[in-house]
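One structure is given here, and the rest of the page talks about it.
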Amino acid sequence: PSEFAGSGGQPQSTAIAGDDARRLWHNLVDFRGRYEHTIDDRGRVSLPARYRHEFSRGVIVQMGADGCIDVYTEEGFQEVASHVVEPPTTSDGRRARRAHYSESYDTELDRQGRILIPPRLRQMAAVNGAVVISGRKECLEIWNPRRYEEIMGAAAASPTEQAPEA
């Protein structure tokens, strides 16, 4: 469908809600798998070859809530950012936006398919040398291998959510 309504040539509203928002989310790349890579002495790491083309328009890295580094496409980052819903005119809104954007950095792929991870993120995530790159649907995650195994072990040991009984 065209982005223009009728014969007047005026753009339609770009607000997305409900089912349309869910369809947009589902149109994003599903990042899957587990890959073992190495961060070099300059702080660069290769992204999995099968996903490099997805980052051709830019890469955003962010400190993840679980202690890993999240790696987003531009579109994926904007989708996640759209869920920061507090208005910027409130104290809570500014705090939420600050938390989301202050540890986010733009980077790009080099010719070898590597990205540069800022030193602050490498330190916070304790990544140096061998790393695990894991798919998480909306992004890739870069993990310290020991921390990744701890998180995955804890997830496997905890009971899964079950539907309530009727």
>> Taking the side chain as everything from C-beta on, heavy atoms only, tell me whether I115 gets closer than 4.5 Å to V61.
In response: yes
> Out of curiosity, does I69 fall in the hydrophobic cluster containing V45 (side-chain heavy atoms, cut-off under 4.5 Å, transitive links)?
Replying inline: yes
>> Strictly below 4.0 Å, N to O, side chains only: are E141 and R136 in salt-bridge contact?
In response: yes
> Which heavy atom in I60 sits nearest to a heavy atom in E74, and how many Å separate them?
Replying inline: CD1-OE1, 3.5 Å
> What are the two closest non-hydrogen atoms of V80 and Y72, and how far apart are they?
Replying inline: CG2-CE2, 3.6 Å
>> Please tell me whether F77 and Y101 form a close aromatic pair, meaning their ring centres lie under 6.0 Å apart.
In response: yes
>> Would a single hydrophobic cluster contain both W143 and I39, if residues Ile, Leu, Val, Met, Phe, Trp and Tyr are joined by side-chain heavy-atom contacts under 4.5 Å?
In response: no
>> Main chain of T89, side chain of R94: is a donor-acceptor contact present, judged purely on distance under 3.5 Å?
In response: yes
> Got a second to check how far F55's CZ is from L109's CG, nearest 0.5 Å?
Replying inline: 7.5 Å
> For the side chain of D110 and the backbone of Q112, is there at least one donor-acceptor N/O pair under 3.5 Å apart?
Replying inline: yes
> Y35 and I142: side chain to side chain contact (heavy atoms under 4.5 Å, CB included), yes or no, with the steps?
Replying inline: CA-CA 9 Å; Y35 309 87; I142 301 174; over 6 Å; no
>> If you define the side chain from C-beta out and look only at heavy atoms, does anything of S82 sit under 4.5 Å from Q78?
In response: no
>> side chain to side chain contact (heavy atoms under 4.5 Å, CB included), that's the test. Do Y51 and R32 meet it? Break it down for me.
In response: CA-CA 10 Å; Y51 294 120; R32 295 185 279 269; 3.9 Å; yes
> Of the non-hydrogen atoms in H37 and I133, which two are nearest, and what is the gap between them?
Replying inline: CD2-CD1, 3.7 Å
> Is there a side-chain contact between P119 and L121, using heavy atoms and a 4.5 Å cut-off?
Replying inline: no
>> Nearest 0.5 angstrom please: M63 CE to E103 CD, how far?
In response: 8.5 Å
> CD/E150 to CG/N144 distance, rounded to the nearest 0.5 angstrom?
Replying inline: 8.0 Å
> Thinking salt bridges, do D66 and R147 make one under a 4.0 Å N-O criterion?
Replying inline: no
> Which pair of non-hydrogen atoms, one from G93 and one from T90, has the smallest distance, and what is that distance?
Replying inline: N-OG1, 2.9 Å
>> Between L116 and E108, does the side chain to side chain contact (heavy atoms under 4.5 Å, CB included) criterion hold? Intermediate values first, please.
In response: CA-CA 8 Å; L116 177 65; E108 56 189 38; over 6 Å; no
> Does some side-chain heavy atom of Y148 sit less than 4.5 Å from a side-chain heavy atom of C68?
Replying inline: no
>> Regarding R34 and E149, does a basic nitrogen lie under 4.0 Å from an acidic carboxylate oxygen?
In response: yes
> For E54 and T73, which heavy atoms make the closest approach, and how far apart are they?
Replying inline: O-CG2, 3.4 Å
> Between R52 and L47, what is the shortest heavy-atom contact and its length?
Replying inline: NE-O, 2.8 Å
Show the atom names and distances, to 0.1 Å, of all donor-acceptor pairs under 3.5 Å that link a side chain in residues 122-132 to residues at least two apart or in another chain.
from: R122; atom 1: NH1; to: I117; atom 2: O; distance (Å): 2.4

>> Under the criterion side chain to side chain contact (heavy atoms under 4.5 Å, CB included), I'd like the reasoning laid out for Q62 against H100: C-alpha separation, chi angles, the key distance, then a yes or no.
In response: CA-CA 8 Å; Q62 178 181 49; H100 183 73; 3.3 Å; yes
